[in-house]
Amino acid sequence: MIGVFDSGLGGLSVLAEIRRASPSADLLYVADRKRAPYGTRSLEEVRDFSLEITDWLLDHGAGTVVVACNTASAAALDDMRETHPDVPIVGMEPAVKPAAERTGTGVIAVFATAATFQGRLFDTTVHRWAEDKQVITRACPRWVELVESGVFEGPQAEAVVGPAISEAIDAGADTLVLGCTHFSFLAPTIARLAGDGVDVIDPAPAVARQTARVSRDGAGEGRVTLAASGDLDEFAGLVTRMGPWTNADIVPYP
Ligand code: DGL
């Protein structure tokens with residue numbers, strides 16, 4: 001079984017890619033909605049939540065853990081790997097490398113959470129792959145709220161997302177990096193607002209391919225279990241709109 005977690009609904013974008021890359025794997029997903037958002041919390045708090053959820057996933061049969069959350073990856077990947085050296089653990093890394101390879105203007109914009117930008121992982125990634133580029137960073141907490149409320153498109157989504165996109169385009173960015181898994185659900189709106197000639201990069205497919213490579217849990221019955229903290233009925237209502245999850249079992253976390 002492959003265990004996957006996020007602060008909320010965002011990681012379902014990664015789960016959908018994992019489903020495509022590993023169609024027969026059994027999947028167990030945790031949405032920690034009660035304690036969301038993670039992106040405005042301290043890295044220490046998010047690390048503690050991540051270690052706790054990892055233990056729960058392993059106790060419930062997961063053999064591989066995917067951190068489908070950039071914030072939790074920034075906060076906890078090193079500690080998770082140290083605590084569970086025998087478990088394949090896959091995390092999100094902001095897609096700065098492909099963005100640096102693709103940009104023509106030399107200007108990249110990364111949209112993520114405040115905590116992700118505070119983590120060492122982000123600085124290391126920029127230093128390693130995009131030292132000679134201009135990297136614009138923008139924390140977007142309202143985008144997370146939008147997705148958690150189930151709004152991905154339309155006038156409300158455009159009003160929330162629009163200003164940061166215009167700012168990035170006006171500054172010369174031709175490559176936009178989705179550095180928070182929630183933002184994948186806004187990708188069509190972002191791409192439309194950004195216009196032709198602007199690349200929007202979502203690392204979720206690459207993370208799903210990496211999961212398929214390192215996991216020993218690809219052969220299962222294709223079962224999906226979605227666990228959530230917080231209001232389970234609300235969660236159930238929202239997830240049916242967010243991927244192929246109509247047949248999923250929905251259970252409380254913890
Ligand atoms: N989906 C998360 C991420 O990728 C965090 C959103 C939040 O809870 O602030 O960073």
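Computed from a predicted model, the values in this text were never measured in an experiment. All values below were derived from every heavy atom in this structure, side-chain atoms included, with hydrogens, water molecules and symmetry-related copies excluded. Residue numbers count from 1 along this sequence. Both counts, for ligands and for their atoms, begin at 1 and track the order of listing.
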Peer 1: At a heavy-atom distance under 4.0 Å, which protein residues reach ligand 1? Sort them by chain and number, would you?
Peer 2: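 Under the 4.0 Å cut-off, ligand 1 touches Asp6, Ser7, Pro37, Tyr38, Gly39, Cys69, Asn70, Thr71, Thr113, Val144, Cys180, Thr181, His182.
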Peer 1: Does NZ or CZ of Arg35 come closer than 6.0 Å to the centre of the six-membered ring of Phe49, within 45° of the ring's axis?
Peer 2: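 The answer is yes, since Arg35 meets both limits relative to Phe49.
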Peer 1: Decide yes or no on salt bridge (Lys or Arg N to Asp or Glu O under 4.0 Å) for Arg33 and Glu234, but give the supporting numbers first.
Peer 2: CA-CA 10 Å; Arg33 299 189 79 219; Glu234 187 188 75; 2.9 Å; yes
Peer 1: For Thr240 and Thr246, does a side-chain donor sit closer than 3.5 Å to a side-chain acceptor?
Peer 2: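 Side chains of Thr240 and Thr246: no pair found under 3.5 Å.
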Peer 1: State, yes or no, whether a side-chain contact exists between Phe122 and Thr137 at a heavy-atom distance under 4.5 Å.
Peer 2: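 Yes, their side chains come closer than 4.5 Å.
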Peer 1: Mind checking whether Met80 and Leu51 have side chains closer than 4.5 Å, heavy atoms only?
Peer 2: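 Yes, their side chains come closer than 4.5 Å.
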Peer 1: Take Glu93 and Arg128, measure what salt bridge (Lys or Arg N to Asp or Glu O under 4.0 Å) needs, and give me the verdict at the end.
Peer 2: CA-CA 12 Å; Glu93 192 180 293; Arg128 183 147 176 224; over 6 Å; no
